[in-house]
Number of protein chains: 2
Amino acid sequence: MARLADPALAQRRRREIVEAAMTCFRKRGFHQASMHEICAAAGISAGALYRYFPSKADIILTIAEEDQRATEALIESIAAGADITESLVNIARDVVCRCGENQPLTADVLAEAMRDPALAKRFAGRILEMQERLARAIAAGQRRGSVERSVDPDTAARLVTLMIDGLVLRAAIVGAEGGEQLAAAFRTFVERVLKPAQATSPRRTARLVVSPES
Amino acid sequence: MARLADPALAQRRRREIVEAAMTCFRKRGFHQASMHEICAAAGISAGALYRYFPSKADIILTIAEEDQRATEALIESIAAGADITESLVNIARDVVCRCGENQPLTADVLAEAMRDPALAKRFAGRILEMQERLARAIAAGQRRGSVERSVDPDTAARLVTLMIDGLVLRAAIVGAEGGEQLAAAFRTFVERVLKPAQATSPRRTARLVVSPES
DNA sequence: ACCTGAACACCGTTCAAGT
DNA sequence: ACCTGAACACCGTTCAAGT
């Protein structure tokens, strides 16, 4: 990758390439789409492309980071929002059901990160930051009383992000038809892990009073 | 892939190829290892290999199915075993920490299933079966009283397998060093979702008796 | 300074030719 | 019947040559 003189042109070229790549990846998947196709879609030659991206893997990394920045914004909005359970379920539903759109890319990126250690390392940092943001949102929820106080916020955040990764992966494997079932399971999960104990079932005020068995 | 006359030879050749492939995949990852390497390791020519496997993808599928049969056996042993929580945590620890061994293969397989629809379909069936086995084990645990009765066994099984997928993926990305933390998080998850409510903390016999707060 | 596109090394897979 | 290995089409990437 040669040094570039005009940062504005470089910026523009990178955008064009990323845009073209996203179209190709969405259509045919990351490994099926060839660099030549991407070049054609972007309207430049192979040599030119490699002035702006050092490798094919680096293109998905860039896309992945954009994608993750969007998710980070979503998580940030949770911190502000009222019902953290509802917010998380909505995010999960997005992740699982919006399979026709950006999601194949996310799956591809995760897959790629699994085998490319360099990509994985850059990715791990973003995951950590996302987890910390979520942990802060959860801690805030605990202070407000909308989140069960007995969970460690870091652990809870780790669990939620793990579960979302699992959802992404599973949704990619089982396809869109299983989406609602997955979203429902995720709701159960969030309720069990984050909902305050006295609000797990609809309107039980105190567990000592109505505990049914024994 | 030509028709084969001697099923015993075919079986043996397939084993040799799978064994060679596992060595290569473990050493260099699925996409980095070439068919020529695998052929060399198996001591046969490219042409011969393709008499026994229709494609490279089919080799990992075979490996994946073996791997999954082993996991199924593990799950089956849960149904028999005493403490389902402990069993699951052990499985998770295996999945996360045994990164030097078979695990890179599992990650590769998941990654591959994410983009190969044919592989994904064959894989989805196995996932479903595993989930059903686990659901039965959970239901049995509920009858025995070792699992919280208010969870739907199918939902719980789905959640556990989702979480394990997340663990596999995350472990592949963050590497072995984060393993213990992940295992600890998984324990929290299992306890929240499966442990009977009165046994969440160590050695409380009945919640009505010793429930501390209020 | 920026781009082109033929060329390079390599990939998964095939198939005519051998035994 | 089973195998070999050169050949095929294609891949991601590079680089001499252009403007």
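The shown structure was predicted, so the numbers you read here are calculated from the model rather than taken from an experiment. Letters A, B, ... mirror the listed sequences (proteins, then strands); counts begin at 1.
Cation-pi contact between A:Lys56 and A:Tyr50: absent, since separation from the ring centre below 6.0 Å together with deviation from the ring axis within 45° is not met.
Between B:Met22 and B:Ile63, the closest heavy-atom pair is CG-CD1, 3.4 Å.
Atom-to-atom, CZ of B:Arg51 to P of D:dT4 comes out at 11 Å; the value is rounded to the nearest Å. One interatomic measurement links the two molecules: CD1 of B:Ile44 to P of D:dA1, which rounds to 19 Å at whole-angstrom precision. The distance between atom CZ of B:Phe53 and atom P of C:dT13, rounded to the nearest whole Å, is 13 Å. Rounded to an integer number of Å, the gap from NZ of B:Lys56 to P of C:dG12 is 4 Å. At whole-Å resolution of the value, OH in B:Tyr50 and P in C:dT13 are 3 Å apart. Here the P atom of nucleotide D:dG12 and the CD1 atom of A:Ile38 are 7 Å apart, to the nearest Å. As a whole-Å value, the separation of A:Arg14 CZ from C:dC2 P is 15 Å. Rounding to whole angstrom units, CZ of residue A:Arg28 and C1' of D:dC10 are separated by 11 Å.
Side-chain contact check for A:Thr155 and B:Arg187: no donor-acceptor pair (N or O, by modelled atom type) lies under 3.5 Å. No side-chain donor-acceptor contact under 3.5 Å links B:Ser45 and B:Arg51.
Using Watson-Crick or G-U wobble geometry with both donor-acceptor distances under 3.5 Å, C:dC10 finds no partner in any strand shown. Pairing of D:dT4, defined by two Watson-Crick or G-U wobble distances under 3.5 Å, is identified with C:dA16.
Using a cutoff of 4.0 Å between basic side-chain nitrogens and carboxylate oxygens, A:Glu16 and A:Arg13 are scored as salt-bridged.
Each of A:Gln32 and A:Gly47 was assigned the nucleotide of DNA chain D with the nearest heavy atom; the assignment lying further toward the 5' end belongs to A:Gln32. The residue among A:Ala57 and B:Ser45 whose nearest nucleotide of DNA chain D is located toward the 5' end is B:Ser45.
Of the candidates C:dC2, D:dG12, C:dT14, C:dT14 carries the atom nearest the B:Ala46 side chain, counting heavy atoms from C-beta on.
Using a 4.0 Å heavy-atom criterion, one finds that B:Ala33 contacts the sugar-phosphate atoms exclusively.
An OP1 or OP2 oxygen of D:dC2 is reached within less than 4.0 angstrom by no side-chain nitrogen or oxygen of B:Tyr52. A sub-4.0 Å separation between OP1 or OP2 of C:dC2 and a side-chain N or O of A:Arg13 is absent.
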